*Asks:* 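This is the structure, below, for whatever I ask next.
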2 protein chains.
Amino acid sequence: MAETTIDEAVGELRKYHIRVTPQRKLILNYLLTHENHPPVETIYQELAPEMPTLSLATVYNTLNLFVELGLVIEIPNENGGIRYDYFGKPHYHAICENCGKVTDIYSPLFPQIEASLKSEAERLTDYKIDSSHVTVYGLCADCQRRLADH
Amino acid sequence: MAETTIDEAVGELRKYHIRVTPQRKLILNYLLTHENHPPVETIYQELAPEMPTLSLATVYNTLNLFVELGLVIEIPNENGGIRYDYFGKPHYHAICENCGKVTDIYSPLFPQIEASLKSEAERLTDYKIDSSHVTVYGLCADCQRRLADH
DNA sequence: ATCCTTGCAAAGCATTTGCAATTTT
DNA sequence: AAAATTGCAAATGCTTTGCAAGGAT
């Protein structure tokens, strides 16, 4: 699990001379404390009661900013929206093809796997690689049961 | 490179009792003969002269169908669109962060890597995994040169 | 004091859908 | 002949943008 604290994350913002506004802190904190990979609309709705003046546009702008900084990654989902994931520790994702659930996978083998992917890519293509995204698709335990029952 | 022929691909359609229409053949053939991972709009524009009645909506519908069948995979790109890639042989992608180019990587190590990703995911999560997408990000050779020159 | 950021509303796009006409099996 | 698919146009929904007011450094 990502064990980054809000202070560390805020430090990242300062490092890039990005202003630390209440909105950004609020959204950052939301991402740090939720493992559910929420879509934009959900983040907005859950945060709106806490900060009634917050606008959807600001949530979009802020998330895009975080993505550029590499603090957060985007997970596109089938129905056109995007989900967001705070990327404190390297991990990859399993996505359920039936219900769309996204699950983080923290495998001890992953750093090594990622390194092979990177070096193979550089060996074969002349790219200079700096990051990677890995996703596996299948059926989550709940959906396996649900589909078998019937 | 994907060496699948149009006939093999059409066979996949028949296998699922999907009707083989001229539009589907045309789009399938386009994907088989282009390694450039085109966005929907490009596919439509390049095919329109050949079949003037073809509609954009049909291209969208057809591509979605192919994705469901697993014939083709989607590659989301930053500006909101989606690119398509015929998925005949397992490979992964390198995407240039500067120009957006997508390059296929056919590494001999990939099947093994993919297998580890899958088994680690199943071991750690109770998902039943059936496919995966891997992407690495960096700078392509051209962009490295371009950015260094200046 | 300056420059950045927010919030609002409107605009912009990519993608999907309903339905009648057409085509494939 | 029956069922699926196409094409059109309109609708939908996500995301971005312009600009004035407000806030952080």
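What you see is a predicted model, and the numbers here were worked out from it, not measured in a lab.
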*Asks:* Considering only heavy atoms, which members of residues 42-62 of chain A lie under 4.0 Å from some atom of DNA chain D?
*Replies:*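 The answer is A:Ala57, A:Tyr60, A:Asn61.
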
*Asks:* Given that B:Val20 and B:Ile82 both sit by DNA chain C, which one's nearest nucleotide is further toward the 5' end?
*Replies:*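 Going by which nucleotide is closer to the 5' end, it is B:Ile82.
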
*Asks:* Write down the distance between CD1 (A:Ile18) and C1' (C:dT6), rounded to a whole number of angstrom.
*Replies:*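 Taking CD1 of A:Ile18 and C1' of C:dT6, I get 15 Å after rounding.
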
*Asks:* Whole angstrom is fine here: how far is it from CG in A:Leu26 over to C1' in C:dT6?
*Replies:*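 Rounding to the nearest Å, CG of A:Leu26 and C1' of C:dT6 are 14 Å apart.
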
*Asks:* Within the pair A:Asn64 and D:dT16, is there a side-chain N or O less than 4.0 Å away from OP1 or OP2?
*Replies:*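 For A:Asn64, the contact criterion (side-chain N or O under 4.0 Å from OP1 or OP2 of D:dT16) is met.
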
*Asks:* Rounded to whole angstroms, how far apart are CD on B:Glu74 and C1' on C:dT15?
*Replies:*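 From B:Glu74 CD to C:dT15 C1': 11 Å.
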
*Asks:* Spell out, as yes or no, whether a donor-acceptor pair under 3.5 Å connects the side chain of B:Tyr92 to the backbone of A:Leu117.
*Replies:*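 Indeed, once roles are kept as given, a pair shorter than 3.5 Å links the two residues.
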
*Asks:* Just how far, in rounded Å, is P of C:dT15 from OH of B:Tyr84?
*Replies:*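 So the OH-P distance, B:Tyr84 to C:dT15, works out to 7 Å.
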
*Asks:* Can you figure out which of C:dT15, D:dT15, D:dT5 approaches the side chain of A:Val40 most closely?
*Replies:*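 Nearest to the side chain of A:Val40 among the choices is D:dT15.
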
*Asks:* Is it the case that the side chain of A:Glu122 and the backbone of A:Ile129 share a donor-acceptor pair, with hydrogens and angles ignored and the cut-off at 3.5 Å?
*Replies:*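 Pair found, side chain donor or acceptor close to backbone of A:Ile129.
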
*Asks:* Could you check how far NZ of A:Lys25 sits from C1' of C:dT5, rounded to whole Å?
*Replies:*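 Going from A:Lys25 (NZ) to C:dT5 (C1'), I get 16 Å.
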
*Asks:* Name all pairs fulfilling the side chain to side chain donor-acceptor pair (under 3.5 Å) condition that reach into residues 54-63 of chain A, sequence neighbours left out, sorted by first residue then second.
*Replies:*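 Sorted pair list: A:Ser55-A:Thr58.
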
*Asks:* From CG of B:Leu13 over to P of C:dT24, roughly how many Å is that when rounded to an integer?
*Replies:*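 Taking CG of B:Leu13 and P of C:dT24, I get 14 Å after rounding.
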
*Asks:* Does D:dA24 have OP1 or OP2 sitting under 4.0 Å from an N or O in the side chain of A:Arg24?
*Replies:*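 Answer no for this pair, as no side-chain N or O of A:Arg24 is under 4.0 Å from OP1 or OP2.
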
*Asks:* Can you name the side chain to side chain contact (heavy atoms under 4.5 Å, CB included) partners of B:Glu12, sequence neighbours left out?
*Replies:*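 Counting only residues at least two positions away or on another chain, B:Glu12 forms a side chain to side chain contact (heavy atoms under 4.5 Å, CB included) with B:Lys15, B:Tyr16, B:Leu71.
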
*Asks:* So how far is it from B:Asn29 CG to B:Thr33 OG1, rounded to the nearest 0.5 Å?
*Replies:*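 It is 5.0 Å, given to the nearest 0.5 Å.
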
*Asks:* Over 60° means perpendicular and under 30° means parallel, so classify the ring planes of B:His93 and B:His91, tilted if in between.
*Replies:*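 B:His91 vs B:His93 ring planes: perpendicular.
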
*Asks:* Nearest-Å distance, NE2 (B:His17) to C1' (D:dA2)?
*Replies:*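 After rounding, the reported distance stands at 16 Å.
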
*Asks:* Which whole-number value in Å describes the distance from B:Arg14 CZ to D:dA4 C1'?
*Replies:*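 From B:Arg14 CZ to D:dA4 C1': 15 Å.
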
*Asks:* Are B:Val134 and B:Phe110 packed together at the side-chain level, in the sense that at least one heavy-atom pair is separated by less than 4.5 angstrom?
*Replies:*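 B:Val134 reaches B:Phe110 side chain to side chain.
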
*Asks:* Taking any heavy-atom pair under 4.0 Å as a contact, classify A:Gln23: base, sugar-phosphate, or nothing.
*Replies:*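 Contact class for A:Gln23: sugar-phosphate only.
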
